Asker: 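Before I ask anything, let me first share the structure, which is written out below as structure tokens.
Positions are given from 1, in the same order as the sequence printed here. Note that these values count all heavy atoms, side chains included, but never hydrogens, waters or copies made by symmetry. The shown structure was predicted, so the numbers you read here are calculated from the model rather than taken from an experiment.
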Amino acid sequence: MTNDTETSLYRTWLVSCSILTMMIALAGGALAVLALVGHDPSINSAWLLPIAGLHLKIDSISALFDLLTAAIGLPVAAYMGTYFSHHQVPKLTLGLMPTFLTAMLLVPMAATYFNLWFFWEIMALASAALVLTNYRSPQVRKAGLHYIAYTQVGFALILASTAVLNAKSSVGFLNEPSSHVAPLSSLVFVLSLLGFTSKAGLLPLNSWLPLAHPEAPTPVSALMSASMVNLGIYGIVRIDLVNPGHTWWGILMIIIGLSTATYGALHALISADIKRLLAYSTSENLGIVITALGTYELFRSTHFVILAELALAAAILHLIGHVLFKSLAFITSGRLIDEAGTRDIDHMGDMIHRTPLASAGYGIASLGATGLPLGAGFIGEWLLLQALIHTPPSAPTLLRVIMPIAVAILALTVGLKVAAMTKSFGIGVLSRPRDPCTTAINSGRLVIWIDTVIISVLALANLAFSALPSLASPLVRLFAEALLPQGVPTHIGLYITLSPLRGGISPLVIVIVVACATIAVGILVELRIRSNGRVKSGDLWNCGGGEPRIRMQYNSTSFAQPLETIFANALRLDEQTAASHADEDRLIVAAIVYERSRTDIVATMLHRFVGDSLDQCSRLVRRAHAGNVRLYTLYGAIGLLIILLVAR
């Protein structure tokens, strides 16, 4: 077979997989819309799947997550066709993309525990295979094996918790009416919470995320970071939040969420790899979502319904905003990486002139990731902040102590991620060119045109949501009614009111005021320049240091160094400097090589704990293996007696 024939077959297969993935996304989105308008599509078949059959149903909770997955699956499927046209991968990888998207859509539709396990495992295996696309690289193999290990640990926790619920459930269905759902025990809650948060990339089972997402192809990273992690949130909502729980459940969720948010923002700040920075940003934003859900659970368990509904609205809106800006961030970062030929921010530069549309899109996504006004991530964080600071004086003492601490940690997290995204956009996109040797990947006109459409649509969607979050008001209302029927939905319109609480905000007014102020300042500056009548030019004052050079710019390390010093104990950075000399007397230094590595302190402590625990267990088990036949016979008799007592 000639190379032209192989190329033609590859392109045909690529286009077919891309179109199939888009069709799957459209079908999933259509089913979600049907559920949102009240039709509740369902499938019940005893033979399509062995053992337990196939039972699918979409309610308002499932519809939200399926709609978000479908909304991102469509542009990612189109981007997949352009990305893999110049990043050729095995055909199996292309075939797994529609499988991966299908599994992500079917997980929220699963009506039984068995179906949930089945589609969850398909999703995990497909994503693991996609991460291992470039398996010949040792770094990719390490990331893939790490991801598989954490995925299976999380699935074991989910299986253990949901198996207990399945045994206690009156009818054995997952999305049955809440009156028939078996009450959660504290052990089941903890197991399911840890299992689902492992998929969402939250502490303590989060170290797979910054390893796997950067090594996967960019379309896969976009789907994993903007869609797959949301299913961890879906599992927590579906299993843990359907019925009221204990107060400490909400406190535990807040602790996990805030610690993950701060930890993720801090590591994003010191990351020089643009995809790893975005992966840590995903962990940080999902930490904010779980903090909002924990706040909701805490207020619901203490019967502050209005604040509970406000926190729930914050979680939903931030989840929607994160889907929008993170998908845009990964797709535009893929274009920046292709243009620069590297993922290292320190070797990028001048991207704003080399690929202006992708740079502008990445700027919009970065603004959303900061949580500041005009960004898609602002409104969710603002509502969460309002829920925290409006804790009434009549609340229990524990709440009045926790909420101010949560506000302070949330403020710290916002500051850290503003610095992180400023670093990635300022140094990677706006700086002067750093490495003139990098070459862009040549793309055809059709590929550039499709990428332009994808980035433009996602950028407009981000801008529309940041100015008009009221577009998501129906989703918020239906989701809140499913979890909190007695609540009073927060009015999310052109002006968001917190009635009966004090406060309100209008994102559209903020956008208009900032836009008008920017235009006014630009006009005044232009008029001032023209009124001078002449332009004077001269050399920049530089303290006699000569012409500024490219190496004088800030890099990612120097930008983050002050904050690295403050948080040195949490980051565990190992710095090494090696110098080579030009003479035997070692008086003249020819070159200096600086290297540094980062240790994930949480993963290190977790791995050490698990290793020590397994070692202790193996020692205890080894003592029971004495090699005595009579002792083994006694073990068998005791085991048989236990079986008879249980089966009696």
Asker: Between Ala314 and Gly380, what is the shortest heavy-atom contact and its length?
Answerer: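 Closest approach of Ala314 to Gly380, heavy atoms only: CB-O, 3.4 Å.
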Asker: Can you name the residues that form a side chain to side chain donor-acceptor pair (under 3.5 Å) with Ser221, not counting sequence neighbours?
Answerer: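 Counting only residues at least two positions away or on another chain, Ser221 forms a side chain to side chain donor-acceptor pair (under 3.5 Å) with Lys275.
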Asker: Filter on salt bridge (charged side-chain N to carboxylate O under 4.0 Å, His left out), then keep only pairs touching residues 67-87, sequence neighbours left out; what's left?
Answerer: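 Residue pairs with at least one partner in residues 67-87: there are none.
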Asker: Where do Val414 and Thr370 come nearest, in terms of heavy atoms and distance?
Answerer: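 Looking at all heavy atoms of both residues, the closest pair is CG1-O, 3.9 Å.
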Asker: Without placing hydrogens or testing angles, list every side-chain donor-acceptor pair under 3.5 Å for residues 462-469, not counting sequence neighbours.
Answerer:
unit_1	atom_1	unit_2	atom_2	d
Asn462	OD1	Phe325	N	3.2
Asn462	ND2	Leu324	O	3.2
Asn462	ND2	Leu458	O	2.7
Ser466	OG	Asn462	O	3.2
Ser466	OG	Leu463	O	2.8

Asker: Run the side chain to side chain donor-acceptor pair (under 3.5 Å) test against His322 and tell me which residues pass, sequence neighbours left out.
Answerer: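 Only Lys326 meet the side chain to side chain donor-acceptor pair (under 3.5 Å) criterion with His322.
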Asker: By the side chain to side chain donor-acceptor pair (under 3.5 Å) test, which pairs, at least two apart or in different chains, include something from residues 409-428?
Answerer: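 Sorted result for residues 409-428: Thr262-Thr413, Glu284-Lys417, Tyr362-Ser424, Glu381-Lys417.
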Asker: Apply side chain to side chain donor-acceptor pair (under 3.5 Å) to His353 and list each qualifying residue two or more places apart in sequence or on a separate chain.
Answerer: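 Scan of His353 (side chain to side chain donor-acceptor pair (under 3.5 Å), adjacent residues dropped) gives Asp350.
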Asker: Can you confirm whether Leu223 sits close enough to Met104 that some side-chain heavy atom of one is under 4.5 Å from a side-chain heavy atom of the other?
Answerer: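 Touching, per the 4.5 Å side-chain cut-off.
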Asker: Are Val457 and Pro75 close enough that some pair of their side-chain heavy atoms sits under 4.5 Å apart?
Answerer: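 Sidechains of Pro75 and Val457: no contact.
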Asker: Test Asp338 against His86 for side chain to side chain contact (heavy atoms under 4.5 Å, CB included), laying out the working first.
Answerer: CA-CA 10 Å; Asp338 288 345; His86 53 261; 3.2 Å; yes
Asker: Run the side-chain contact (heavy atoms from CB on, under 4.5 Å) test against Ile256 and tell me which residues pass, sequence neighbours left out.
Answerer: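 Leu193, Leu202, Leu252, Thr260.
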Asker: Is the side chain of Ser18 donor-acceptor paired with the backbone N or O of Val15 at a distance under 3.5 Å, no angle test?
Answerer: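 No, Ser18 side chain to Val15 backbone: no donor-acceptor pair under 3.5 Å.
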Asker: Using the side chain to side chain donor-acceptor pair (under 3.5 Å) criterion, which residues pair with Gln88? Sequence neighbours excluded.
Answerer: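 With sequence neighbours excluded, Gln88 shows a side chain to side chain donor-acceptor pair (under 3.5 Å) to no residue whatsoever.
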Asker: Closest approach of Ala279 and Pro210, non-hydrogen atoms and distance?
Answerer: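 Minimum heavy-atom separation between Ala279 and Pro210: CB-CA, 4.0 Å.
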Asker: Going by the rule ring pair (Phe, Tyr, Trp, His ring centres under 6.0 Å), which residues pair with Phe65 if we only count those two or more places apart in sequence or in a different chain?
Answerer: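 Phe65 satisfies ring pair (Phe, Tyr, Trp, His ring centres under 6.0 Å) with Tyr234 only.
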Asker: Side-chain donor-acceptor contacts of residues 211-219 below 3.5 Å, not counting sequence neighbours, with atom names and distances?
Answerer:
unit_1	atom_1	unit_2	atom_2	d
Glu215	OE2	Gln139	NE2	3.2
Glu215	OE2	Arg343	NH2	3.4

Asker: What's the shortest heavy-atom distance between Ala313 and Val476, and which atoms?
Answerer: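 Nearest heavy atoms, Ala313 then Val476: CB-CG1, 3.8 Å.
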Asker: So do Met80 and Val220 actually touch side chain to side chain, heavy atoms under 4.5 Å?
Answerer: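 Val220 does not reach Met80 side chain to side chain.
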Asker: When rounded to the nearest 0.5 angstrom, what is the spacing between CD1 in Ile455 and CZ in Arg335?
Answerer: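 One finds 6.5 Å between CD1 of Ile455 and CZ of Arg335.
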Asker: State whether the side chain of Thr355 and the backbone N or O of Leu336 hold a donor-acceptor pair below 3.5 Å, judged by distance alone.
Answerer: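 Looks like no, no N/O pair under 3.5 Å.
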Asker: Rounded to the nearest 0.5 Å, what's the gap from CE on Met97 to CG on Leu14? Could you check?
Answerer: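 Met97 CE to Leu14 CG: 10.0 Å, rounded to 0.5 Å.
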Asker: May I have the step-by-step check of side chain to side chain contact (heavy atoms under 4.5 Å, CB included) for Leu277 and Ile345, ending in yes or no?
Answerer: CA-CA 10 Å; Leu277 182 149; Ile345 295 173; 4.1 Å; yes
Asker: Could you tell me the separation between the CG atom of Leu317 and the CH2 atom of Trp382, rounded to the nearest 0.5 Å?
Answerer: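 Here the interatomic distance stands at 11.5 Å.
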Asker: Determine whether Phe479 and Leu312 make a side-chain contact, defined as any pair of heavy atoms from C-beta on separated by less than 4.5 Å.
Answerer: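 Yes; the side chains approach each other to less than 4.5 Å.
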Asker: Are Thr295 and Leu310 close enough that some pair of their side-chain heavy atoms sits under 4.5 Å apart?
Answerer: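 Not in contact.
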Asker: Suppose the criterion is side chain to side chain donor-acceptor pair (under 3.5 Å): which pairs have a residue in residues 503-519, not counting sequence neighbours?
Answerer: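 Sorted pair list comes back empty.
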Asker: State, with a plain yes or no, whether a side-chain heavy atom of Ser227 is found less than 4.5 Å away from one of Leu68.
Answerer: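 No, every pair of side-chain atoms sits at 4.5 Å or beyond.
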Asker: Among residues two or more places apart or on two chains, list those pairs meeting side chain to side chain donor-acceptor pair (under 3.5 Å) that have a residue in residues 69-80.
Answerer: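 Sorted pair list comes back empty.
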Asker: Evaluate Leu67 against Leu36 for side chain to side chain contact (heavy atoms under 4.5 Å, CB included), listing each step before the verdict.
Answerer: CA-CA 10 Å; Leu67 188 62; Leu36 290 173; 3.9 Å; yes
Asker: Return the minimal non-hydrogen interatomic distance between Asn206 and Ser283, and the atom names on each side.
Answerer: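 Nearest pair, atom of Asn206 first, then Ser283: ND2-OG, 4.2 Å.
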Asker: Mind checking the CG-CE spacing from Leu74 to Met22? Nearest 0.5 Å is all I need.
Answerer: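 Going from the CG atom of Leu74 to the CE atom of Met22 covers 7.0 Å.
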Asker: Measuring from Leu475:CG to Leu319:CG, what's the distance to the nearest 0.5 Å?
Answerer: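 If we round to the nearest 0.5 Å, Leu475:CG and Leu319:CG are 10.5 Å apart.
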Asker: Identify the heavy atoms of Leu374 and Leu367 that sit nearest to each other, and give their distance.
Answerer: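 In this case the closest contact between Leu374 and Leu367 is O-CD2, 3.6 Å.
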Asker: Within this structure, what is the CD1-CD1 distance for the pair Ile233 and Ile316, rounded to the nearest 0.5 Å?
Answerer: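 Spacing of CD1 (Ile233) from CD1 (Ile316) equals 12.0 Å.
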Asker: Mind checking whether Val514 and Ile510 have side chains closer than 4.5 Å, heavy atoms only?
Answerer: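 Yes, at least one pair of side-chain atoms sits under 4.5 Å.
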Asker: Is there a donor-acceptor pair under 3.5 Å between the side chain of Ser225 and the backbone N or O of Ala222?
Answerer: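 Checking the backbone N and O of Ala222 against the side chain of Ser225, no donor-acceptor pair under 3.5 Å is found.
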Asker: With heavy-atom distances below 4.5 Å as the criterion, would you say the side chains of Ile505 and Ile379 are in contact?
Answerer: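 Side-chain contact under 4.5 Å: yes.
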Asker: Give the intermediate values and the outcome of side chain to side chain contact (heavy atoms under 4.5 Å, CB included) for residues Ile337 and Thr342.
Answerer: CA-CA 5 Å; Ile337 292 169; Thr342 179; over 6 Å; no
